[in-house]
Amino acid sequence: MKIGIIGVGNIGGNLTRRLTALGHDVSVANSRGPETLKALAEETGATPVTAAEAARGARVVVVTVPLKAVPDLPSGLLGEAADDVAVIDTGNYYPQQRDGRIAAIEDGLTESRWTEQQIGHPVIKAFNGTYAQDILDKGQPQGAPGRQALPVAGDDPAAKRTVRDLIDELGFDTVDAGGLDESWRQQPGTPVYGNRGDADAIAKALADASPERTAEWRA
């Protein structure tokens, strides 16, 4: 499958490593240009490209950049992606720690709904509460006892299925966390954020979440 990854921090870099190892055709981009991705390309076989090129022909696009950088992504980012492209948003709002105040999110818009509005395409929220090293180390075969599970939220059933199947291929179970307006259940500060539990534990953590954003995660 052709996959574009925009952002090569800890999550983006490790997804590049695992997805290339699984045989996918991965293109990677960052804000500094393809020439800065030479080492990752040599390590993994991924193709370094510009952010504007990352989605070209892609069936899956992973947007894994700081939230404050989302509005700076190229206009028409997904214009040349596959018609049925699934866009994964791994982002989190860290107002005090990194992103500054984003008024719409402070007013109650879910983080991924805001990202969706910025890029002009539906997104599936996944990997946002996942430890990057776990992507490399914690994958297990289907049916393994205690297999770690990840929550996945989004409105498009077909795109969500594509993302859940890809996560299964990476070695993790998934739990349907509802539509994007329910994705507050997996934002920072919730019981599921950073939770390494199995599917039952993740489902319980999602159910136990409160929509009230705690002080640490407000501007």
Using side-chain heavy atoms (C-beta onward) and a distance below 4.5 Å, is [X] in contact with [Y]?
X: Gln148; Y: Asp173; value: no
X: Val152; Y: Ile167; value: yes
X: Lys204; Y: Asp208; value: yes
X: Phe127; Y: Leu170; value: yes
X: Ile102; Y: Pro95; value: no
X: Lys125; Y: Gln186; value: yes
X: Arg196; Y: Leu150; value: no
X: Leu109; Y: Gln117; value: yes

Practice problem: Test Lys2 against Val26 for side chain to side chain contact (heavy atoms under 4.5 Å, CB included), laying out the working first. | Solution: CA-CA 6 Å; Lys2 185 164 177 50; Val26 179; over 6 Å; no
Exercise. Output the distance between atom OG1 (Thr130) and atom CG (Asn14), rounded to the nearest 0.5 Å.
Key: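 That separation rounds to 11.5 Å.
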When the side chains of residues 67-78 are checked against the rest of the protein, which donor-acceptor pairs come out under 3.5 Å, sequence neighbours left out?
from	atom 1	to	atom 2	distance (Å)
Lys68	NZ	Arg98	O	3.4

Quick one: does [X]'s side chain have a donor or acceptor within less than 3.5 Å of a partner on [Y]'s backbone?
X: Glu111; Y: Gln187; value: no
X: Asp155; Y: Leu180; value: yes
X: Thr162; Y: Ala158; value: yes
X: Ser27; Y: Val49; value: no
X: Arg185; Y: Leu206; value: yes

Quiz: residues 81-92 side-chain donor-acceptor pairs under 3.5 angstrom, not counting sequence neighbours:
from	atom 1	to	atom 2	distance (Å)
Asp84	OD1	Arg59	NE	3.4
Asp84	OD2	Arg59	NE	3.0
Asp89	OD1	Gly91	N	2.9
Asp89	OD2	Ser112	OG	2.6
Thr90	OG1	Thr64	OG1	2.8
Asn92	OD1	Asn128	ND2	2.9
Asn92	ND2	Tyr94	OH	3.2
Asn92	ND2	Asn128	O	2.7

Locate the shortest heavy-atom distance separating [X] from [Y]; write the atom from each residue and the value.
X: Pro151; Y: Val192; result: CG-CG2, 4.0 Å
X: Pro191; Y: Ala209; result: CD-CA, 3.9 Å
X: Ala46; Y: Thr16; result: CB-CG2, 3.7 Å
X: Val61; Y: Ala58; result: CG2-CB, 3.8 Å
X: Ala215; Y: Gln96; result: O-NE2, 2.7 Å
X: Pro34; Y: Pro48; result: O-CB, 3.7 Å

Quiz item: Listed by chain and number, what are the salt bridge (charged side-chain N to carboxylate O under 4.0 Å, His left out) partners of Asp156, not counting sequence neighbours?
Solution: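 Partners of Asp156 under the salt bridge (charged side-chain N to carboxylate O under 4.0 Å, His left out) test: none.
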Exercise. Take Val8 and Leu37 through the test side chain to side chain contact (heavy atoms under 4.5 Å, CB included) and record every step on the way to the result.
Key: CA-CA 9 Å; Val8 288; Leu37 297 169; 3.3 Å; yes
Between [X] and [Y], is there a shared hydrophobic cluster once you connect ILVMFWY residues whose side-chain heavy atoms come closer than 4.5 Å?
X: Val123; Y: Val65; value: yes
X: Ile135; Y: Leu40; value: yes
X: Leu136; Y: Leu22; value: no
X: Ile3; Y: Val28; value: yes
X: Trp217; Y: Ile105; value: no

Quiz item: Strictly by modelled atom types, are Thr50 and Glu53 linked by a side-chain donor-acceptor pair under 3.5 Å?
Solution: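 Side chains of Thr50 and Glu53: pair found under 3.5 Å.
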Quiz item: Using a distance-only test with no angle check, is there a side-chain donor-acceptor pair under 3.5 angstrom linking Asp168 and Gln142?
Solution: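 Yes, because at least one side-chain N or O of Asp168 sits under 3.5 Å from a partner of the opposite role on Gln142.
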Quiz prompt | CG/Asn10: more than 12 non-hydrogen atoms of other groups inside 6.0 Å | solution =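 Open: at most 12 neighbouring heavy atoms sit under 6.0 Å from CG of Asn10.
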Exercise. State whether the number of non-hydrogen atoms from other residues, nucleotides or ligands found under 6.0 Å of Glu212 atom CD is greater than 12.
Key: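 Open.
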Under the side-chain hydrogen bond (donor to acceptor under 3.5 Å, both in side chains) test, residues paired with [X] that sit two or more places apart:
X: His24; value: Glu169
X: Thr174; value: Arg164
X: Glu106; value: Tyr93

Exercise. Report the C-alpha separation of Arg17 and Glu43 in whole Å, then their side-chain angles, then the decisive distance to 0.1 Å, and conclude whether the side chain to side chain contact (heavy atoms under 4.5 Å, CB included) test is met.
Key: CA-CA 8 Å; Arg17 292 177 176 94; Glu43 176 192 347; 2.8 Å; yes
Quiz item: Between Arg147 and Phe172, is NZ or CZ placed under 6.0 angstrom from the six-membered ring centre and within 45° of the ring axis?
Solution: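 No.
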Quiz prompt | Criterion side chain to side chain donor-acceptor pair (under 3.5 Å) on Thr110 and Asp181, from CA distance to verdict | solution = CA-CA 6 Å; Thr110 64; Asp181 289 333; 4.6 Å; no
